[in-house]
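Hydrogens, waters and symmetry mates are skipped; everything else that's a heavy atom, side chains included, is used. Letters go in sequence order (proteins before strands), and every chain restarts at 1.
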Amino acid sequence: MSGMRDRVAALLSAHDPATTGRLEFLRARFDAGLAWVHFPVGLGGLGAPRDAQQEVDLALAEAGAPDNSPRRIGIGLGMAAPTILAHGTEEQRLRFLRPLWTGEEVWCQLFSEPGAGSDLAALGTRARRDGDDWVVTGQKVWTSSAHNAQWAILLARTDPDVPKHAGITYFVCDMTAPGVEVRPLRQITGEAEFNEVFLTGVRVPDAHRIGEVGAGWRIAQTTLMNERVAIGGRPVPREGGMVGVVADTWRAHPERRTPELHDRLLSLWVESEALRLAGIRLRQQLAAGSPGPEGSAMKLGFARLSQALSALEVEFLAEDGLRYDDWTQRRPTAVDFTARDAGYRYLRAKGNSIEGGTSEVLRNIIAERVLGLPTEPRSDKDIPWKDLPR
Amino acid sequence: MSGMRDRVAALLSAHDPATTGRLEFLRARFDAGLAWVHFPVGLGGLGAPRDAQQEVDLALAEAGAPDNSPRRIGIGLGMAAPTILAHGTEEQRLRFLRPLWTGEEVWCQLFSEPGAGSDLAALGTRARRDGDDWVVTGQKVWTSSAHNAQWAILLARTDPDVPKHAGITYFVCDMTAPGVEVRPLRQITGEAEFNEVFLTGVRVPDAHRIGEVGAGWRIAQTTLMNERVAIGGRPVPREGGMVGVVADTWRAHPERRTPELHDRLLSLWVESEALRLAGIRLRQQLAAGSPGPEGSAMKLGFARLSQALSALEVEFLAEDGLRYDDWTQRRPTAVDFTARDAGYRYLRAKGNSIEGGTSEVLRNIIAERVLGLPTEPRSDKDIPWKDLPR
Amino acid sequence: MNLLYTEVEDELRASVADLLGDRASPASVLAQIDNGADTALWRDLARIGATSLHVPEHLGGQGASYRETAVVAEELGRSVAPVPFLGSAILATAILTHLADDPAARELLTRLAQGETTAALVVPLSSWGPTAGGYKARSVADAAAAEVLLVPVEGTVHLVEARHAVVTPVTSLDQTRPIADVDISGAPTTPLTGPGDEAVHAALVAGAGILASEQVGVARWCLDATVAHIKARYQFGRPVGSFQALKHRVADLWQSIVLATAAARHAADALATGVDVDIAVSVAQSLCSAVAVRAAEECVQLHGGIGMTWEHPAHLYLKRAKADEIALGTPGRHRATLAPLVDLPLQSTP
Amino acid sequence: MNLLYTEVEDELRASVADLLGDRASPASVLAQIDNGADTALWRDLARIGATSLHVPEHLGGQGASYRETAVVAEELGRSVAPVPFLGSAILATAILTHLADDPAARELLTRLAQGETTAALVVPLSSWGPTAGGYKARSVADAAAAEVLLVPVEGTVHLVEARHAVVTPVTSLDQTRPIADVDISGAPTTPLTGPGDEAVHAALVAGAGILASEQVGVARWCLDATVAHIKARYQFGRPVGSFQALKHRVADLWQSIVLATAAARHAADALATGVDVDIAVSVAQSLCSAVAVRAAEECVQLHGGIGMTWEHPAHLYLKRAKADEIALGTPGRHRATLAPLVDLPLQSTP
């Protein structure tokens, strides 16, 4: 580990953060292998263990070095990068990873469709081969950052005559290409975090295909697994997150307290604390090299608690709970439960049990993969996609 | 309706309850058509509307007439009788209905099996034709009154080579016949309300077959429908049933009250009152000739509330909740939630979501028959019973 | 006690549903969400008599009862139409009926009943139990559209022309029920003779009782929409409504709506007959509030992503259900009200 | 804070599980249910050191900590073995450890640690918070098998030979944890020097914290048994565990056990380190009590009829879970304890 400290010191002495431009520094950091140390040498990493990263981040933060605004480029970092690393060609890795990590190029994800949500493999966006290109037509939805993005990871159907999992191919799509239209998708909160993306005859060069034709579903599992890890991965202090917000509201309004709400709040406080402890336990397991399946428990619990807590807060606020701060169609780049009022939290939290895998799908996964329960009888696995009932 | 009054008066004047033996009176009442007035003439009824019965019962009760202890013979009255009436031969009706109604012959039900609970149609008790008899071998379970019963309604498989619903036949079985063995089935409360019944080469004359060979499943629907009606049919006063018991426990122990338990009790009180009102509404619908599907809602609600209320009572009683009144293997003839302590109520109530159709099966029925949701893909409907996976 | 819908009530429901189907479908309500109350629709509801059913005929109403009014409330819940039913036709009307010995009250009541104007009771919509009242109140329902304000101050209800008051519309969580902050300081007022506190109490009780029927309507729409959606939505080659976990959830929802319907009918019947009112209303509010919220939350969840979008009307019902939970007493407050009424106190009275 | 199981703890678990698997399988526990405590098993548990892990070596114990003791509690919960672990090895032992300056306490502690005898703390098993104590107590855990009784009276803990007291076994809801009513009026007692109230408080806190691990063990057995059953049980031509509604219910149960495990581990760790003890214990008790009860209730329900029979061991876990919910403070009482600790009071302190 002391090697890391030396490398950080070397980077900092060659590129004093106080005098180096932000982008220049980030590029230098990437080139020094200190971007994501577990990546290979030459691709921003050193082939080091994943947990060496924390020390690097900390040392650079202490030295006042700029970071790459990870929340702004979360999809690139969390989903595109691991997939390109695992399944891309060397050329693709070299082309995409550096500007992805530095934030020069923002990424988004074109997976979900109006007709393919939980059943993502049913997606119908078509990609037809035309010379060295693919011509893509279809509609994608729930795309965050689409309006800021340079690139997208894209799943499209290249063969409708085989069963649904077999006919999907994984592409990188230029979001500035002709035929890509991005429309804001307004949510029940009033704001539009997400977009619909309409693809009409968009030309994607075959060089931007990731993996084999028809291998898209398998490759997408890399992407989605990393999404789930990312969601469960943040450490929180006691009363961090929604429970802290609601606890503070409770403290601020002695005149509104009732015994009934008191016990409900304490129940949720207890559950939030247990969820936090379970998160700590999960990270301790990861650090000990024996990751468990508890990440899905974290996501289920997070959704339940954010919903129950915000619901209680609105009820507690009574005449103030009847009000809303603003229905304007804003375009936030990240969700911040603390920046808005209780009504917003209540409405936005409803999405927590849908986005990134619904709670229903998570329960299926737990039942089958963790508990080993048998799958339901399925008829959709073996028939050609084009013949599926829909 | 005044005709009813006259008939009651005539019965009473011919058979003064004060001087007539109980059984003699009940037989006379049956023969007068006042047993179940909606049954046909000659079978204890008058072909009158069902709701005329209440007036008859009331008038006879006022005159001090004995009743037929309906709780003791509930299975005969509620399940066997309507089935025999609907599907039996005239000979069977004449043979069985009178002693059934008077209580001279107690009935029980041989339907469920260890391997066929929710999926009753999968039952495996075999009946093989042998001359004028059927020879029955198998095991039945959850049989109440089996140790007191003269007769049983019995479902047995007469053809294993056809799909499961098609190979079942409905019989009347003599519980005193050789090869019938009744063993008490002890429950988690310690008592044995129910029995296991082992049938080993039991001979059932073909004359005791109800309906056609292979028609047993359809006929059993009559039996089961009447079971469900019976369960939802009792009117209750406010705070009747479990909620009243628990409310009284609350009133008796001011020193144990906490705000948390207070709100939980009130929630359950509210729900119990709403369930009671829904029951009244259901009976008003029946009386108005437009029965709704709310009976299944009643049974779901009853199970939930009896469990939640008794659970709260045990918790409320704290050091007394840690105790149990008696683990002796009693043999009660009917469930009485008020005659035992809180721990008994808690344990016995667990059966309310299983007996007479599990809450899970009820939810399926509501979803499919009330809400019209599609059935699940099924593979067991069309293959021969003997080839079913089990 | 009659917990059924009478034939007359069924016919009334049909005519209200017809009107709302034409004029206030969820899609059209959504499209006009920023326009506040739909006064044209309100006039048409008044024209068919749906806004004054429980007002005596000699005061310009239909001379029916709260039973029929509750049927209208159900349908309005089912459509989330933005009309001042709760604020004007229930709360203000109940106050005035209670104070109808006063000529000014009677005169206003008649105008309300005939749909000529609307009024609002100036207390926070969340009020339940003894209400202080006063010159200022926040989150007042249907105040922005009202021409007349009824303001309880120290035991007397005052009648105030809205144009003399400061009525500040505020952004409402429930976009189909506008709320406003009201300040009548310095405005000329007409005090109404009669027991003001009693009148306010009666109005809150009637409002809470009728609100239960609105909540049943909200819940039923949510159940119906959810069932329709999961029948039509295919995933994994099957309608998602064929998956057992979803079936069980909507079955449970249906079960809770059966209970809520009985409780709401009982509350309406009790308001009509005057028997068992306080218990019936608080039972109904405690239960129906929770059922409506759960129905709306399940509706959003079981619609999947589409339920989170502005373009689908599910959110209108979620917002209405959540605001209704707070309106005229939260479920917990109604249970606290019930405790002494049903002899289940927390502390023993010595 | 270490919330994992160490290698040593895993080995300990394996040896305890081996012993219990041989000697206290659910079927054999059920068969001997009327015999009270299994003293032979208790001696064997003592022999492998499992009953005195948290007792210092110089007092005859293993010199480990409550972390290891909690692992034993988990396994005992999983087997519902009828041994006086909670009453003697936790409650009585904690009292004596706290009063170990007293030679009589020390002497008894050593005997307890070596499995030579068992003792019981004479308070109702339901106790939580300041306990009056006294000469009589009802529903005392593990008192019938105890040779020595520890009786808190007015701030002092007294040591009483059980043969001098009236110990009346009563029928216990939890058939695997015998309880008794105790009356020491008139018995000769040995008062122990040292802070009695503090010692009782420490014992209740330790008991509640370790009980959480027992509850996790109960819940895990219930989940495992349920999953195994619904995999093997066929209805409608399929394993019932392939029906989605059941899958979702066991998935939710698993999720709650993940949380309960973390909370129970934290409580054990806090007891071992002395950091954050009060919050950790009450969080764990509030959560684990509810999770164990739910797991046992789901276990009975999802076993269908067989789960309602005496011959299936599920009821032993239901009864243990329900009694554990009451033991050492109900979940509601632990939340009330938490309120001031986490600055969430009902009333503001002036």
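Interface summary for chain D: among A:Glu273, A:Glu368, A:Arg238, the most heavy-atom pairs under 4.5 angstrom belong to A:Arg238. Your options are A:Leu261, A:Leu300, A:Asp263, and the one with the most heavy-atom pairs under 4.5 Å with chain D is A:Asp263. Across D:Val258, D:Leu338, D:Leu4, the residue that shares the most heavy-atom pairs under 4.5 angstrom with chain A is D:Leu4.
When all heavy atoms of A:Ala274 and D:Ala263 are compared, the pair lying nearest together is CB-CB, 4.3 Å. When all heavy atoms of A:Pro293 and D:Trp254 are compared, the closest pair comes out as O-CH2, 3.4 Å. Minimum heavy-atom separation, A:Gly372 to D:Lys231: O-CE, 3.1 Å. D:Leu3 approaches A:Gln284 most closely through the heavy-atom pair N-OE1, 2.7 Å.
Listed for the A:Trp250 side chain is a donor-acceptor partner under 3.5 Å among the backbone atoms of D:Pro345.
In this structure, the portions of A:Gln285 lying under 4.5 Å from any heavy atom of chain D include both its backbone and its side chain. When heavy atoms are compared at a cutoff of 4.5 Å, A:Arg281 approaches chain D by way of both its backbone and its side chain. For a residue to count as touching a neighbouring chain, one of its non-hydrogen atoms must lie under 4.5 Å from one of that chain's; by this rule D:Arg265 touches chain A with the side chain only. If you measure heavy-atom distances from A:Leu265 to chain D, the contacts under 4.5 Å come from the side chain alone. Contact annotation for D:His266: only side-chain heavy atoms (C-beta onward) come within less than 4.5 Å of a heavy atom of chain A. Proximity to chain D (any heavy atom under 4.5 Å) is restricted, for A:Glu239, to the side chain, taken from C-beta onward. Interface remark: D:Asp276 contributes side-chain atoms only to the contact with chain A (heavy atom separation under 4.5 Å).
The pair A:Arg304-D:Asp252 does not meet the salt-bridge criterion, since no charged nitrogen lies less than 4.0 angstrom from a carboxylate oxygen.
Taken to the nearest 0.5 Å, the CD atom of A:Glu294 stands 10.5 Å off from the CG atom of D:Leu259. The structure places CG of D:Leu346 at 11.5 Å from CD of A:Glu260, a figure rounded to the nearest 0.5 Å. Taken to the nearest 0.5 Å, the CG atom of D:Leu344 stands 9.0 Å off from the CG atom of A:Asp248. Between A:Ile280 atom CD1 and D:Met1 atom CE the span is 4.5 Å, to the nearest 0.5 Å. Annotation: the span from D:Gln347 atom CD to A:His262 atom NE2 amounts to 9.0 Å, rounded to 0.5 Å. The distance from atom CG of A:Leu277 to atom CG of D:Asp269, rounded to the nearest 0.5 Å, is 10.0 Å.
Residues of residues 278-290 of chain D that come within less than 4.5 angstrom of chain A, heavy atom to heavy atom, are D:Ile279, D:Val283, D:Ser286, D:Leu287 in numerical order. Contacts between residues 374-382 of chain A and chain D, defined by a heavy-atom separation under 4.5 Å, are made by A:Pro374, A:Thr375, A:Glu376, A:Pro377. Against chain A, the residues from residues 206-229 of chain D that qualify, each with a non-hydrogen atom under 4.5 angstrom away, are D:Leu223, D:Val227 in number order.
Contact of the D:Lys247 side chain with the A:Leu371 side chain is not registered, since no non-hydrogen atoms from C-beta on lie closer than 4.5 Å. A:Arg363 places none of its side-chain heavy atoms less than 4.5 Å from the side chain of D:Val250.
Applying the 6.0 Å contact sphere to NE2 of A:His38 captures more than 12 heavy atoms from other residues, nucleotides or ligands.
Judged as a side-chain hydrogen bond (donor to acceptor under 3.5 Å, both in side chains), and not counting sequence neighbours, A:Thr258 has no contacts.
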